[in-house]
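First the structure, in the form of structure tokens, and then the observations on it.
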Amino acid sequence: MAKAPVIIIGGGIGGLTCALDLASSGVEVILVEKEAQIGGKIRQINCSDDPLAPAPIDSGPTVFTMRWVFDALFEKAGTTLESELSLEKLNILARHAWSKDERLDLFSDVEQSAQAIAEFSSPAEAKRFLQFSAQCRDLYKALEKPYMLSAKPNFGGMIADLGISGSKVLYDIGSFSTLWKSLGNYFHDPRLHQLFGRYATYCGSSPYEAPATLMLIADVETQGVWAIEGGMYSLVAAIRKLAQDKGVQLMTGKACEEILLKNGKVSGVRLADGTLLYSDHVIFNGDLAALQTGLLNAEGIKAFNAKMAPPSPAKRSLSAITWSMNAKADGFPLLRHNVFFNQDYQAEFDDIFNRGRLPRKPTVYVCAQDQGDSYQAKPDLQRLLCLVNAPAKGDQSEFNAQEIEQCEHETFGLLQQCGLNIDLDSAICHRTTPAIFNRLFPATGGALYGQANHGWMETFGRASAQSPIPGLLLAGGSVHPGPGVPMAALSGRMAAATLMGHLGLTKLSGRTLISGGTSTL
């Protein structure tokens, strides 16, 4: 057992999950968070102080998938998701639009999606979609254990674990190809090619450079997308309550200024107000860029970077511009999740990754948080989160007013072209830019997913839970297994499992740290 409480820096979903996992095993934990509210990228915004205004708006992640990650976490804590949260499984995964006359819904039921694609495009395209879905299902099953649940996957070890049949799955999708190229084998309709290419953005990457293995995200969504009553922040609140009930001490509004080292090992942390907290075990739940450029002292940075190259600004993932709004909207039958596509997809990613500018023709995601599976007309204000991808250069320069205005014009112009009319004059809006995201998540430039997953070898380039410095462990979306709510939560569970192994509370064996949800049942 740890002699002093384990210290977790950062109250994002990875840190919270790690704290609850450790506390459920009887480990004493102190979690330090610089913001007044915990949750990290899972955050809510109040657009108005009016008590009659709509409820706060989820202004970070809005899609809840891979619920088995949280089922296992809550079970270990002695409860269930259903006991702590109200969940609704969505039948329609998302509504997609290219114009007023071009709309396509994808469903959790693959056959229902195929029928919709046949009517939207052609029976031949629907048949290819079914082949694609089967391939994605095989890919997910093949990679869940040797990659997602592995402590530190490498290509050789993964191939050994996959065996002949699993390796054939990778070969069949063209695993060394880009996602965009591999999708061309399945979809001839450019609109469908574009739609399924968007899965690269779930990892903050370009479909033209991301590996083909990211197509497995299609199967993740088919396994289930849930809406949580009260929004995604209700998940944060539930985990926080469970953690505190088990004795986790939360220190909010307390920025960590330095991770202390003694004889090359972790010895504690120093907070910005001068408070010293001593521990032999610190878990850092933040972007690696902040750790490798600031929180460690010169000795620590040198030791860390000798084993792990510091993150390159040139390889940052996507940032975003978001509009959290209380607004009147009509003309388009919004569901919970909606995607509006531009007509020149490649130009969007050329602008962001190659030219470092806001996209001239952005794709727009709209989360209508007062909608569900079927459109309900809302005569009053409703809660909307509108998001477009942007370059992560928020630490270099803020986009000027003209650039922001042009992006906003194109964003809401596209929505109008697709039939969605938002009354901007009466809307109550809170805008977030890459520079603001950089202030919220230091040293990232506003990147929301760590490093971009460009090139198939980048799949194995993320840091594992065990850092090069004894006593320092890592969690969060910038480390393995990657970004997104369930993946960051898995990273927290992996950090907890690694530490419990060090403390002798569990026995570490093999490459897999924790149990999975489908292929390992």
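The first residue of the sequence shown is numbered 1, and numbering continues consecutively from there.
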Show me the side-chain donor-acceptor pairs of residues 283-291 shorter than 3.5 Å, one per line, residues at least two apart or across chains.
| from | atom 1 | to | atom 2 | distance (Å) |
| --- | --- | --- | --- | --- |
| Asn285 | OD1 | Gly12 | N | 3.1 |
| Asn285 | OD1 | Gly15 | N | 2.8 |
| Asn285 | ND2 | Ala475 | O | 3.4 |
| Asp287 | OD1 | Ala289 | N | 2.9 |

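Between the side chains of Ser99 and Glu102, at least one donor-acceptor pair of N or O atoms lies under 3.5 Å. Looking at Gln382 and Asp370, their side chains never bring a donor and an acceptor atom within 3.5 Å of each other. Side-chain atoms of Glu348 and Thr363 form a donor-acceptor pair, as typed in the model, at a separation below 3.5 Å. A donor and an acceptor atom, one from each side chain of Thr62 and Tyr365, are located under 3.5 Å apart. With 3.5 Å as the limit, one finds no donor-acceptor pair spanning the side chains of Trp98 and Gln343.
Considering every non-hydrogen atom in both Ala489 and Ile13, the closest pair reads N-CG2, 4.1 Å. Shortest non-hydrogen contact noted between Ala495 and Leu474 is CB-O, 3.6 Å. Minimum interatomic distance between Ala210 and Ala200 (heavy atoms only, all atoms of both residues): CB-CB, 3.9 Å. What you find for Cys203 and Leu214 is that their closest heavy atoms are SG-CD2, 3.8 Å.
In this structure, His454 contributes its side chain and Ser206 its backbone to a donor-acceptor pair below 3.5 Å. Judged by distance alone, with hydrogens and angles left aside, the side-chain atoms of Thr65 form no donor-acceptor pair with the main-chain N or O of Glu221 at under 3.5 Å.
In this structure, Arg67 satisfies the cation-pi test against Trp226, with its NZ or CZ atom closer than 6.0 Å to the six-membered ring centre and inside 45 degrees of the ring normal. At least one cation-pi condition fails for Arg191 and Tyr345: the charged atom is not both under 6.0 angstrom from the six-membered ring centre and inside a 45 degree cone around its axis.
Between Tyr199 and Tyr202, the two ring planes are perpendicular [angle over 60°; tilted spans 30° to 60°].
Take Phe340 and apply the ring-ring contact (aromatic ring centres under 6.0 Å, His included) test, not counting sequence neighbours, and it matches Phe332. Partners of Phe399 according to the ring-ring contact (aromatic ring centres under 6.0 Å, His included) rule, which considers only residues two or more places apart in sequence or in another chain, do not exist here.
Salt-bridge annotation for Asp373 and Arg336: absent, with no side-chain N of the basic residue lying under 4.0 Å from a carboxylate O of the acidic one. Ion pairing of Arg360 with Asp351 is absent here, as no side-chain N (NZ or NE/NH1/NH2) approaches a carboxylate O to less than 4.0 Å. In this structure, Arg95 pairs ionically with Asp105, as a charged nitrogen and a carboxylate oxygen lie closer than 4.0 Å. Under 4.0 Å is where a charged nitrogen must lie from a carboxylate oxygen, and between Asp395 and Arg316 at least one such pair does. In this structure, Glu410 pairs ionically with Lys361, as a charged nitrogen and a carboxylate oxygen lie closer than 4.0 Å.
Atom NZ of Lys76 has more than 12 neighbouring heavy atoms from other residues, nucleotides or ligands inside a 6.0 Å radius. Around the CD atom of Glu88, the shell of radius 6.0 Å holds more than 12 heavy atoms that belong to other residues, nucleotides or ligands.
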TODO: List the steps and the verdict of ring pair (Phe, Tyr, Trp, His ring centres under 6.0 Å) for Tyr186 and Phe196.
DONE: CA-CA 10 Å; Tyr186 299 97; Phe196 291 101; 9.5 Å; no
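Contact check for Arg383 versus Met325: no side-chain heavy atoms found under the 4.5 Å cut-off.
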